[in-house]
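Just so it is clear, the model here is predicted, and its values are computed rather than measured. Both backbone and side-chain heavy atoms feed into the values below; hydrogens, waters and symmetry mates do not. Chain identifiers are assigned alphabetically (A, B, ...) following the order of the sequence lines, protein sequences preceding nucleic acid strands; residue numbering begins at 1 within each chain.
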Protein chains: 2
Amino acid sequence: MNFDIAIERLKSEGFKRTPSREAILRLLEREDRYLSAGDVRKALADEHPKMSQDTVYRNLSSFSEMKILEETELGGERKFRMHCNRHGHHHHFICMECGRTEELDVCPMEQVSRELPSFVIDDHKFEVYGQCPDCRTAG
Amino acid sequence: MNFDIAIERLKSEGFKRTPSREAILRLLEREDRYLSAGDVRKALADEHPKMSQDTVYRNLSSFSEMKILEETELGGERKFRMHCNRHGHHHHFICMECGRTEELDVCPMEQVSRELPSFVIDDHKFEVYGQCPDCRTAG
DNA sequence: TGAGTAAATCGTAGTCATTCCGAATTGGAA
DNA sequence: TTCCAATTCGGAATGACTACGATTTACTCA
Ligand SMILES: [Mn+2]
Ligand SMILES: [Mn+2]
Ligand SMILES: [Zn+2]
Ligand SMILES: [Zn+2]
(Lines give C-alpha, C1' and ligand atoms only; values in the text may rest on other atoms or scores of the structure.)
(Ligands and ions follow the chains in the order given, each with its own letter.)
Protein backbone atom coordinates (compact mmCIF):
# COMPACT_ATOMS: atom_id res chain seq x y z
CA MET A 1 0.00 0.00 0.00
CA ASN A 2 1.20 3.54 -0.72
CA PHE A 3 0.27 7.03 0.43
CA ASP A 4 -2.27 7.71 -2.33
CA ILE A 5 -4.15 4.45 -1.88
CA ALA A 6 -4.17 5.06 1.87
CA ILE A 7 -5.69 8.53 1.41
CA GLU A 8 -8.34 7.08 -0.90
CA ARG A 9 -9.20 4.45 1.70
CA LEU A 10 -9.36 7.20 4.32
CA LYS A 11 -11.84 9.27 2.30
CA SER A 12 -13.94 6.26 1.35
CA GLU A 13 -14.35 5.44 5.04
CA GLY A 14 -15.54 8.98 5.75
CA PHE A 15 -12.40 10.26 7.47
CA LYS A 16 -11.01 13.72 6.87
CA ARG A 17 -7.68 14.47 5.24
CA THR A 18 -5.57 16.36 7.78
CA PRO A 19 -1.89 17.42 7.93
CA SER A 20 -1.32 15.03 10.85
CA ARG A 21 -2.66 12.08 8.95
CA GLU A 22 -0.72 12.96 5.83
CA ALA A 23 2.54 13.23 7.78
CA ILE A 24 2.02 9.90 9.59
CA LEU A 25 1.16 8.08 6.37
CA ARG A 26 4.08 9.56 4.43
CA LEU A 27 6.44 8.52 7.21
CA LEU A 28 5.15 4.96 7.25
CA GLU A 29 5.30 4.73 3.48
CA ARG A 30 8.92 5.89 3.55
CA GLU A 31 10.08 3.69 6.47
CA ASP A 32 8.47 0.45 5.30
CA ARG A 33 8.93 -1.30 8.69
CA TYR A 34 7.25 -1.59 12.08
CA LEU A 35 7.23 1.67 14.06
CA SER A 36 5.86 2.34 17.52
CA ALA A 37 3.82 5.42 18.40
CA GLY A 38 6.93 6.77 20.05
CA ASP A 39 8.99 6.16 16.92
CA VAL A 40 6.42 8.13 14.92
CA ARG A 41 6.46 11.03 17.35
CA LYS A 42 10.25 11.22 17.31
CA ALA A 43 10.41 11.02 13.52
CA LEU A 44 7.87 13.86 13.18
CA ALA A 45 9.31 16.01 15.97
CA ASP A 46 10.93 18.50 13.57
CA GLU A 47 8.18 18.73 11.00
CA HIS A 48 5.25 18.66 13.44
CA PRO A 49 6.50 19.47 16.94
CA LYS A 50 2.99 20.18 18.21
CA MET A 51 1.36 16.93 17.18
CA SER A 52 -0.03 15.47 20.40
CA GLN A 53 0.43 11.85 21.40
CA ASP A 54 -3.34 11.46 21.40
CA THR A 55 -3.35 12.27 17.69
CA VAL A 56 -0.61 9.77 16.93
CA TYR A 57 -2.17 6.92 18.90
CA ARG A 58 -5.69 7.60 17.66
CA ASN A 59 -4.69 7.73 14.01
CA LEU A 60 -2.43 4.68 14.15
CA SER A 61 -5.33 2.73 15.65
CA SER A 62 -7.78 4.04 13.06
CA PHE A 63 -5.44 3.21 10.19
CA SER A 64 -4.97 -0.28 11.57
CA GLU A 65 -8.73 -0.84 11.89
CA MET A 66 -9.35 0.23 8.31
CA LYS A 67 -6.52 -2.09 7.14
CA ILE A 68 -4.24 0.70 5.91
CA LEU A 69 -1.64 -0.51 8.41
CA GLU A 70 -0.54 -3.89 9.69
CA GLU A 71 -0.13 -4.09 13.45
CA THR A 72 1.76 -6.27 15.88
CA GLU A 73 2.73 -6.32 19.55
CA LEU A 74 6.44 -6.58 20.19
CA GLY A 75 8.46 -5.99 23.32
CA GLY A 76 5.42 -4.66 25.18
CA GLU A 77 4.63 -2.10 22.47
CA ARG A 78 2.11 -1.84 19.66
CA LYS A 79 3.89 -1.43 16.33
CA PHE A 80 2.55 -0.45 12.92
CA ARG A 81 3.71 -0.62 9.32
CA MET A 82 2.17 0.25 5.98
CA HIS A 83 0.20 -2.73 4.74
CA CYS A 84 2.21 -4.79 2.24
CA ASN A 85 1.34 -4.75 -1.44
CA ARG A 86 1.23 -8.52 -1.49
CA HIS A 87 -2.15 -9.94 -2.36
CA GLY A 88 -3.81 -11.66 0.56
CA HIS A 89 -2.86 -13.16 3.88
CA HIS A 90 0.78 -13.45 4.92
CA HIS A 91 3.24 -13.23 7.81
CA HIS A 92 6.62 -11.61 8.48
CA PHE A 93 10.20 -12.14 9.40
CA ILE A 94 11.26 -9.14 11.53
CA CYS A 95 14.90 -8.11 12.02
CA MET A 96 15.36 -7.28 15.69
CA GLU A 97 18.23 -4.92 14.88
CA CYS A 98 17.01 -2.65 12.10
CA GLY A 99 13.30 -3.50 12.00
CA ARG A 100 13.41 -4.63 8.39
CA THR A 101 10.68 -7.11 7.57
CA GLU A 102 10.50 -9.86 5.01
CA GLU A 103 7.22 -11.36 3.86
CA LEU A 104 6.80 -15.09 4.34
CA ASP A 105 4.95 -17.47 2.06
CA VAL A 106 4.10 -20.08 4.66
CA CYS A 107 1.00 -20.10 6.86
CA PRO A 108 0.20 -23.24 8.82
CA MET A 109 -3.47 -22.52 9.41
CA GLU A 110 -5.02 -25.04 7.00
CA GLN A 111 -3.32 -27.79 8.96
CA VAL A 112 -4.38 -26.31 12.31
CA SER A 113 -8.01 -26.19 11.20
CA ARG A 114 -7.86 -29.88 10.43
CA GLU A 115 -6.22 -30.53 13.78
CA LEU A 116 -8.90 -28.65 15.77
CA PRO A 117 -12.23 -29.33 14.05
CA SER A 118 -14.36 -28.59 17.13
CA PHE A 119 -12.69 -25.26 17.94
CA VAL A 120 -13.77 -21.87 16.61
CA ILE A 121 -10.67 -20.20 15.18
CA ASP A 122 -10.87 -16.39 15.06
CA ASP A 123 -7.29 -15.27 14.63
CA HIS A 124 -3.65 -16.28 14.70
CA LYS A 125 -0.18 -14.79 14.95
CA PHE A 126 2.93 -16.09 13.28
CA GLU A 127 6.15 -14.08 13.32
CA VAL A 128 9.81 -14.97 12.88
CA TYR A 129 12.49 -12.92 14.63
CA GLY A 130 16.19 -12.64 13.89
CA GLN A 131 18.85 -10.77 11.97
CA CYS A 132 18.59 -9.76 8.33
CA PRO A 133 21.50 -10.27 5.90
CA ASP A 134 22.52 -6.60 6.01
CA CYS A 135 22.74 -6.50 9.81
CA ARG A 136 24.56 -9.83 9.88
CA THR A 137 27.21 -8.53 7.50
CA ALA A 138 27.49 -5.22 9.35
CA GLY A 139 27.74 -6.91 12.78
CA MET B 1 5.28 -30.02 34.43
CA ASN B 2 3.87 -30.32 37.94
CA PHE B 3 4.54 -28.72 41.32
CA ASP B 4 7.08 -31.27 42.49
CA ILE B 5 9.17 -31.15 39.35
CA ALA B 6 9.04 -27.36 39.47
CA ILE B 7 10.32 -27.32 43.05
CA GLU B 8 13.13 -29.70 42.08
CA ARG B 9 14.11 -27.43 39.21
CA LEU B 10 14.00 -24.46 41.60
CA LYS B 11 16.38 -26.14 44.04
CA SER B 12 18.72 -27.36 41.34
CA GLU B 13 19.07 -23.79 40.10
CA GLY B 14 19.97 -22.61 43.58
CA PHE B 15 16.70 -20.86 44.41
CA LYS B 16 15.09 -21.07 47.83
CA ARG B 17 11.78 -22.72 48.55
CA THR B 18 9.46 -20.06 49.95
CA PRO B 19 5.74 -19.91 50.77
CA SER B 20 5.24 -17.31 47.99
CA ARG B 21 6.85 -19.53 45.38
CA GLU B 22 4.91 -22.57 46.54
CA ALA B 23 1.62 -20.71 46.34
CA ILE B 24 2.31 -19.33 42.87
CA LEU B 25 3.39 -22.72 41.53
CA ARG B 26 0.43 -24.56 43.06
CA LEU B 27 -1.93 -22.02 41.51
CA LEU B 28 -0.39 -22.38 38.07
CA GLU B 29 -0.42 -26.17 38.33
CA ARG B 30 -4.12 -26.08 39.25
CA GLU B 31 -5.20 -23.52 36.63
CA ASP B 32 -3.33 -25.03 33.66
CA ARG B 33 -3.78 -21.92 31.48
CA TYR B 34 -2.19 -18.51 30.84
CA LEU B 35 -2.45 -16.13 33.81
CA SER B 36 -1.22 -12.56 34.11
CA ALA B 37 0.58 -11.24 37.18
CA GLY B 38 -2.69 -9.54 38.10
CA ASP B 39 -4.59 -12.80 37.77
CA VAL B 40 -2.11 -14.44 40.14
CA ARG B 41 -2.39 -11.66 42.70
CA LYS B 42 -6.19 -11.82 42.66
CA ALA B 43 -6.23 -15.60 42.94
CA LEU B 44 -3.89 -15.48 45.94
CA ALA B 45 -5.54 -12.50 47.61
CA ASP B 46 -7.28 -14.61 50.29
CA GLU B 47 -4.49 -17.05 51.02
CA HIS B 48 -1.61 -14.51 50.80
CA PRO B 49 -3.03 -11.00 51.08
CA LYS B 50 0.40 -9.51 51.84
CA MET B 51 2.28 -10.88 48.85
CA SER B 52 3.69 -7.84 47.07
CA GLN B 53 3.46 -7.34 43.33
CA ASP B 54 7.24 -7.24 43.23
CA THR B 55 7.30 -10.81 44.50
CA VAL B 56 4.74 -11.98 41.95
CA TYR B 57 6.44 -10.33 38.96
CA ARG B 58 9.94 -11.34 40.02
CA ASN B 59 9.02 -14.97 40.55
CA LEU B 60 6.99 -15.32 37.38
CA SER B 61 9.94 -13.96 35.44
CA SER B 62 12.38 -16.27 37.22
CA PHE B 63 10.19 -19.31 36.63
CA SER B 64 9.93 -18.39 32.97
CA GLU B 65 13.69 -18.01 32.62
CA MET B 66 14.33 -21.40 34.16
CA LYS B 67 11.72 -22.97 31.87
CA ILE B 68 9.30 -23.91 34.61
CA LEU B 69 6.71 -21.68 32.94
CA GLU B 70 5.80 -20.87 29.35
CA GLU B 71 5.29 -17.18 28.64
CA THR B 72 3.46 -15.12 26.04
CA GLU B 73 2.38 -11.55 25.48
CA LEU B 74 -1.31 -11.09 24.93
CA GLY B 75 -3.48 -7.98 25.03
CA GLY B 76 -0.61 -5.86 26.26
CA GLU B 77 0.14 -8.18 29.18
CA ARG B 78 2.72 -10.84 29.94
CA LYS B 79 1.03 -14.15 30.67
CA PHE B 80 2.41 -17.35 32.15
CA ARG B 81 1.37 -20.99 32.37
CA MET B 82 2.94 -24.14 33.77
CA HIS B 83 5.13 -25.67 31.09
CA CYS B 84 3.37 -28.46 29.24
CA ASN B 85 4.37 -32.07 29.76
CA ARG B 86 4.71 -32.56 26.03
CA HIS B 87 8.20 -33.43 24.94
CA GLY B 88 9.86 -30.70 22.95
CA HIS B 89 8.90 -27.62 20.97
CA HIS B 90 5.24 -26.81 20.38
CA HIS B 91 2.65 -24.03 20.09
CA HIS B 92 -0.84 -23.34 21.45
CA PHE B 93 -4.42 -22.64 20.62
CA ILE B 94 -5.72 -20.19 23.26
CA CYS B 95 -9.42 -19.74 24.04
CA MET B 96 -10.09 -16.01 24.35
CA GLU B 97 -13.05 -16.65 26.66
CA CYS B 98 -11.83 -19.07 29.31
CA GLY B 99 -8.10 -19.09 28.65
CA ARG B 100 -8.01 -22.84 28.00
CA THR B 101 -5.10 -23.84 25.81
CA GLU B 102 -4.66 -26.73 23.42
CA GLU B 103 -1.28 -27.91 22.25
CA LEU B 104 -0.69 -27.88 18.51
CA ASP B 105 1.38 -30.38 16.53
CA VAL B 106 2.29 -28.06 13.69
CA CYS B 107 5.28 -25.74 13.53
CA PRO B 108 6.13 -24.13 10.20
CA MET B 109 9.75 -23.29 10.98
CA GLU B 110 11.50 -25.93 8.86
CA GLN B 111 9.85 -24.42 5.81
CA VAL B 112 10.70 -20.86 6.86
CA SER B 113 14.38 -21.75 7.27
CA ARG B 114 14.43 -23.02 3.70
CA GLU B 115 12.66 -19.85 2.56
CA LEU B 116 15.17 -17.48 4.25
CA PRO B 117 18.61 -19.10 3.93
CA SER B 118 20.55 -15.83 4.34
CA PHE B 119 18.70 -14.68 7.48
CA VAL B 120 19.68 -15.51 11.06
CA ILE B 121 16.59 -16.88 12.79
CA ASP B 122 16.60 -16.50 16.57
CA ASP B 123 12.99 -16.97 17.61
CA HIS B 124 9.41 -17.23 16.44
CA LYS B 125 5.87 -16.98 17.74
CA PHE B 126 2.89 -18.96 16.54
CA GLU B 127 -0.42 -18.81 18.38
CA VAL B 128 -4.00 -19.52 17.39
CA TYR B 129 -6.85 -17.66 19.06
CA GLY B 130 -10.55 -18.51 19.24
CA GLN B 131 -13.24 -20.31 21.21
CA CYS B 132 -12.87 -23.77 22.72
CA PRO B 133 -15.67 -26.39 22.37
CA ASP B 134 -16.91 -25.83 25.94
CA CYS B 135 -17.28 -22.07 25.53
CA ARG B 136 -18.90 -22.50 22.12
CA THR B 137 -21.54 -24.81 23.60
CA ALA B 138 -22.07 -22.56 26.61
CA GLY B 139 -22.34 -19.38 24.50
C1' DT C 1 20.39 -26.46 67.20
C1' DG C 2 21.60 -21.73 66.81
C1' DA C 3 23.83 -17.95 64.84
C1' DG C 4 25.27 -15.83 60.35
C1' DT C 5 24.37 -14.46 55.70
C1' DA C 6 22.84 -14.07 51.22
C1' DA C 7 18.46 -14.40 49.20
C1' DA C 8 13.82 -13.14 49.23
C1' DT C 9 10.04 -10.27 50.41
C1' DC C 10 7.63 -6.03 51.52
C1' DG C 11 5.92 -1.46 50.78
C1' DT C 12 6.11 2.08 48.11
C1' DA C 13 7.60 5.19 44.65
C1' DG C 14 8.89 5.66 39.80
C1' DT C 15 8.62 4.66 34.77
C1' DC C 16 6.57 4.13 30.46
C1' DA C 17 3.03 3.11 27.02
C1' DT C 18 -1.45 4.09 26.39
C1' DT C 19 -6.08 6.16 27.20
C1' DC C 20 -9.17 9.79 28.51
C1' DC C 21 -11.24 14.40 28.44
C1' DG C 22 -12.65 19.07 27.98
C1' DA C 23 -11.51 23.02 25.31
C1' DA C 24 -10.00 24.89 20.95
C1' DT C 25 -9.40 24.27 16.05
C1' DT C 26 -10.51 22.90 11.36
C1' DG C 27 -11.89 20.13 7.02
C1' DG C 28 -15.30 19.94 3.99
C1' DA C 29 -20.33 19.81 3.07
C1' DA C 30 -24.05 22.94 1.92
C1' DT D 1 -18.79 31.97 3.47
C1' DT D 2 -21.03 29.56 7.21
C1' DC D 3 -21.47 25.96 10.10
C1' DC D 4 -20.71 21.82 12.71
C1' DA D 5 -19.10 17.34 13.46
C1' DA D 6 -14.64 15.60 13.29
C1' DT D 7 -10.15 16.35 14.70
C1' DT D 8 -6.50 18.03 17.41
C1' DC D 9 -4.34 19.79 21.53
C1' DG D 10 -2.52 19.75 26.18
C1' DG D 11 -2.41 17.56 30.04
C1' DA D 12 -4.08 14.47 33.49
C1' DA D 13 -5.28 9.62 34.55
C1' DT D 14 -4.61 4.69 34.09
C1' DG D 15 -2.42 0.31 34.35
C1' DA D 16 1.33 -2.87 33.71
C1' DC D 17 5.68 -3.24 35.12
C1' DT D 18 10.27 -1.96 37.49
C1' DA D 19 13.30 -0.09 41.08
C1' DC D 20 14.83 0.19 45.65
C1' DG D 21 15.89 0.60 50.57
C1' DA D 22 14.41 -1.63 54.70
C1' DT D 23 13.04 -5.86 56.79
C1' DT D 24 12.48 -10.73 57.04
C1' DT D 25 13.73 -15.50 56.18
C1' DA D 26 15.55 -20.00 54.17
C1' DC D 27 19.39 -22.47 54.27
C1' DT D 28 24.45 -23.34 55.70
C1' DC D 29 27.64 -24.72 58.88
C1' DA D 30 29.71 -24.77 63.10
MN1 LIG E 1 2.81 -7.43 5.50
MN1 LIG F 1 2.83 -25.60 26.18
ZN1 LIG G 1 -1.52 -16.98 8.64
ZN1 LIG H 1 7.59 -23.46 16.48
Side-chain angles (χ1 to χ4, degrees), chain A residues 3 6-27 34-66 68-69 71-81 99, chain B residues 3 6-27 34-66 68-69 71-81 99:
Chain A
F3 177 83
I7 292 289
E8 272 180 42
R9 174 80 52 90
L10 203 64
K11 304 303 276 308
S12 77
E13 301 257 354
F15 287 78
K16 294 181 178 172
R17 176 170 184 162
T18 70
S20 292
R21 288 175 174 158
E22 289 182 2
I24 293 171
L25 289 173
R26 282 200 204 283
L27 171 68
Y34 278 109
L35 298 180
S36 68
D39 294 335
V40 171
R41 292 201 78 195
K42 277 186 218 103
L44 299 179
D46 291 333
E47 198 186 350
H48 295 269
K50 313 297 268 304
M51 191 183 297
S52 79
Q53 42 181 348
D54 181 273
T55 297
V56 175
Y57 280 105
R58 180 171 24 77
N59 283 320
L60 289 174
S61 288
S62 302
F63 296 161
S64 177
E65 274 172 35
M66 66 182 91
I68 289 174
L69 302 182
E71 179 177 356
T72 191
E73 193 179 340
L74 203 48
E77 276 186 323
R78 290 172 77 187
K79 303 212 168 196
F80 304 85
R81 55 161 297 141
Chain B
F3 178 84
I7 292 289
E8 272 178 43
R9 175 80 52 90
L10 204 64
K11 303 305 275 310
S12 78
E13 302 257 354
F15 287 78
K16 294 181 178 172
R17 176 170 184 161
T18 70
S20 293
R21 289 177 172 156
E22 289 180 1
I24 293 171
L25 289 172
R26 282 200 205 285
L27 172 69
Y34 277 111
L35 298 181
S36 67
D39 294 335
V40 171
R41 290 201 79 195
K42 278 187 216 98
L44 298 180
D46 292 332
E47 197 186 350
H48 295 268
K50 312 296 268 305
M51 192 184 296
S52 80
Q53 44 180 345
D54 181 274
T55 297
V56 175
Y57 280 105
R58 179 172 25 77
N59 283 319
L60 289 175
S61 288
S62 301
F63 296 161
S64 177
E65 274 172 36
M66 66 182 90
I68 290 174
L69 302 182
E71 177 176 356
T72 191
E73 193 181 340
L74 203 47
E77 277 186 321
R78 290 171 77 187
K79 303 213 169 197
F80 303 86
R81 55 160 296 143

Could you measure the distance from the [atom1] atom of [X] to the [atom2] atom of [Y]? Nearest 0.5 Å is fine.
X	Y	atom1	atom2	result
B:L10	B:F63	CG	CZ	5.5 Å
B:F80	B:I68	CZ	CD1	12.5 Å
A:E77	A:S36	CD	OG	4.0 Å
B:E13	B:M66	CD	CE	5.5 Å
B:Y34	B:L74	OH	CG	9.0 Å

- Here the distance between atom P of C:dA23 and atom NZ of A:K50, to the nearest Å, is 20 Å
- Task: Return the value, rounded to whole Å, for the distance between atom CD of A:E77 and atom P of C:dT19.
- Result: 12 Å
- Item | Pairs involving residues 16-27 of chain A, ordered by first then second residue, that meet side-chain hydrogen bond (donor to acceptor under 3.5 Å, both in side chains) (sequence neighbours left out) | A:R17-A:E22, A:R21-A:N59
- Would you mind listing every side-chain hydrogen bond (donor to acceptor under 3.5 Å, both in side chains) that reaches into residues 41-53 of chain B, with sequence neighbours excluded?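 Every pair satisfying side-chain hydrogen bond (donor to acceptor under 3.5 Å, both in side chains) with a residue in residues 41-53 of chain B: B:S52-B:T55.
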- Item | Step-by-step side-chain contact (heavy atoms from CB on, under 4.5 Å) determination, A:I24 to A:M51 | CA-CA 10 Å; A:I24 293 171; A:M51 191 183 297; 4.1 Å; yes
- For A:S36, answer base if it contacts any base atom (sugar-phosphate contacts may also be present), sugar-phosphate if it contacts only those atoms, and nothing otherwise; contact means non-hydrogen atoms under 4.0 Å. nothing
- For A:S61, which residues count as a side-chain hydrogen bond (donor to acceptor under 3.5 Å, both in side chains) partner, sequence neighbours excluded?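 For A:S61 the side-chain hydrogen bond (donor to acceptor under 3.5 Å, both in side chains) partners, ignoring immediate neighbours, are A:R78.
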- Nucleotide interval of DNA chain D bounded by contacts with chain B (heavy-atom cut-off, under 4.0 Å):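 Reading along DNA chain D, I get D:dA16 to D:dC27.
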- Close approaches to DNA chain C from residues 51-60 of chain B, in residue order (heavy atom, under 4.0 Å):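 B:M51, B:S52, B:Q53, B:D54, B:T55, B:R58, B:N59, in order of number.
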- Item | Residue pair A:L35, A:L60: steps toward the side-chain contact (heavy atoms from CB on, under 4.5 Å) verdict | CA-CA 10 Å; A:L35 298 180; A:L60 289 174; over 6 Å; no
Nucleotide N/O to protein N/O under 3.5 Å, stretch nucleotides 28-30 of chain C:
| from | atom 1 | to | atom 2 | distance (Å) |
| --- | --- | --- | --- | --- |
| C:dG28 | OP1 | A:R17 | N | 2.8 |

